[in-house]
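First comes the structure, then the notes that go with it.
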Amino acid sequence: MLEKLSIPLALLTVLSLIAYNQWGTSSQKFSLAAPELTTVAPGTYHHRQSGEFLRSGRPVDAPMIEVDFRQAFQIMKYQVSRAEYARCIADGACQLTFGQANVSEGKADNRPVTGVSYADAVDYARWLSRKTGIAWRLPTDAEWAYAAGSRFFDDATNLETDPNDPSRRMLSKYKQSIELDREADPVVRPRGGFGANERGIFDMSGNVWEWTETCYQRSRLDEAGNVEPADEGNCGVRVVEGRHRSYMTFFVKDAKSGGCAVGTPPDYLGFRLMVQEKPALLSVQPIGEWLKANL
Amino acid sequence: MITRRTALMTAAVAAAAPTVLSKAATASDESMTPAGASVDLSNLPRKKVKLVSPPFVHEHDQVAKGPPSVVEFEMLIVEKEHEIDEYGTMLQGMTFEGTIPGPLMVVHEGDYVELTLINPPENQMQHNIDFHSATGGLGGGALTLVNPGEKTVLRFKADRPGTFVYHCAPGGPMIPWHVVSGMSGAIMILPRDGLKDENEKPVSYDKVFYIGENDFYIPKDESGDFKRFEDIGSSYGDTLEVMNGLIPTHVVFNGKVGALTGENALKASVGDNVLIVHSQANRDTRPHLIGGHGDLVWETGKFNNPPQRDNETWFIRGGSAGAALYKFKQPGVYAYVNHNLIEAVSLGATAHFIVEGDWNNDLMAQVLPPSPLERDVTSAYKSKKALP
């Protein structure tokens, strides 16, 4: 028990040191200015949770939860661009993207970077944190959804699961994916090409999906509909947000597929980061990631 | 005056020339006007068939209602650009009737197929048609070579039943190039008394779908993006180079990645007996219905051979068409794939069936939904190796 308690204490000490180092110094030694940010105001938000939910072993729509964002947070106004990502490649801190031979330094290409995995996004956040003196991380699914506002897609099927017929849900999800499907839109647009949402954040739910920090989780509901305590989830698979929610293995850079899996894959995978505000104990997981990445 | 078109046609003939020296006979060096005793078919009934775009098939009787007849078809050769994936990759296509694959023609054994083949003046290339179901004259290729602005009429007797490929074969490297540019389709010649199972018992289908599989070879530019060409002629050189490497950039059903998924998924109901005709004019393939089977499969497509029963995957030889009959027993979404899964998932060879009906728990049930592990299995990983 003592051992268990001592870990958070050690963590706190480390965190306060980081806080001092990262937020307490002048920016002179940092070589990059922070990218443009948008501040998302505090508020409460009803969120359709990510992950899979089972009741009596049958998949059901995720329950809505109320998320309370007590503090404002800052998120990148635009997705990370090719030019920005190219600097990280040039520094030897980021991997090459998938299918983009044209991502190179100095090209001033402000189109969003695509063909990047979750691991690439984490590498980039680590590099950018070093360069700017600001701690960056991916948003969680709920943070992304709150920031996306009206651009967030609620993936509830509103379908009662028939315990005797698993095909009904399969068919209705397939039909939903058909309805969601739109005109083929293969062209990655210049920064801002999909416009801003009501919060002034650009290009959410365009044709570049964004990695989030959130792990794939399977939860169980009891008969009353309460979520039973869940395991830690499968962090090898992360939530990807965009025109519809998707789940991707962390090292996948290209979601394109011939469509063997039922459902529509994201057109492109990219990301935007948010500022890790003063370490809050409430978001231990991202800090843990950040620590792993930076220490 | 040498126009772009005549220049191209000269190039086509020049490209075909080396084959005169080789053993391969081609349409252009064996083009002929046959002489022989004329055949009087004036007493035979004639009927005109309007072809429809794949995966659908024109209306037809499964059991012939009358004596053999002359069945008239018309096909327009259309050279035009085709989008072949969801990313807007373009193929300078050559097609029968404007579709990839060309339409499925259906007649009965003993019928005469009479095809009017039209090469509109808008086209740049010479074309012809080689029916694997026809006898003599390079399958008709030697009798049908038409320049832009010409038409020709070919008649052949459907003297054996089965599913057969037809394709363009205008000589030399033009042959594979025209085929991998989309110029193939299939004909189904039904026995007059319809299909039979391996015990000679008559069988019929409620629905028939035609799936034509294509391998495409799209050149890339210096930055790795697929190239787009001004016209069919300018795509030739680069395409030939990719093609001769034998590694396709796309393997698709019905001309485009996703042509038979989503909104265009094939639809059926539980209890439907569905006949799937699958052709590949150039390259081997191995269709598989995920979650289903082939109840009766004519792997080589020839109905005088008894069908195989209960196949999991069947083999379609490059240059042939096969047929599989399956009665859907369970509702849901099925994927019909080329079971080289790389070609199915990464290159595009996937179709979907949406099947409505009632679930049968006797055939399948989920006994335990995904649940936490209650047993320690770490011992199985004791010797697991990894880089330090």
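Naming: A, B, ... by sequence-line order, numbering from 1 per chain.
For B:Ile247, the CD1 atom is loosely surrounded, since the number of other residues' heavy atoms within 6.0 Å does not exceed 12. Residue-environment remark: NZ (B:Lys220) stays at or below the threshold of 12 foreign heavy atoms within 6.0 Å. More than 12 heavy atoms of other residues, nucleotides or ligands lie within 6.0 Å of NZ in B:Lys207, so this atom counts as buried by the packing criterion. Summarising the local packing, CZ of B:Arg228 is surrounded by 12 or fewer heavy atoms from other residues, nucleotides or ligands at distances under 6.0 Å. Heavy atoms from other residues, nucleotides or ligands lying under 6.0 Å from CD1 of B:Ile342 number 12 at most. Atom CE of A:Met64 has more than 12 heavy atoms from other residues, nucleotides or ligands within 6.0 Å.
A distance of 12.0 Å separates OG in A:Ser167 from CD1 in B:Ile354, rounded to the nearest 0.5 Å. Summarising the geometry, atom CH2 belonging to B:Trp359 is positioned 7.5 Å from atom CE belonging to A:Met170; distances are rounded to the nearest 0.5 Å.
Residue B:Val251: no heavy atom, backbone or side chain, is found under 4.5 Å from chain A.
The shortest heavy-atom contact between A:Asp165 and B:Gly357 is OD2-O, 3.9 Å.
With contacts defined as side-chain heavy-atom distances shorter than 4.5 Å, the pair A:Arg168/B:Asp358 qualifies. Looking only at side-chain heavy atoms (C-beta outward), B:Pro370 and A:Arg218 come within less than 4.5 Å of each other.
Put simply, the side chain of A:Tyr174 never gets that close to the backbone of B:Gly332: no donor and acceptor are under 3.5 Å apart.
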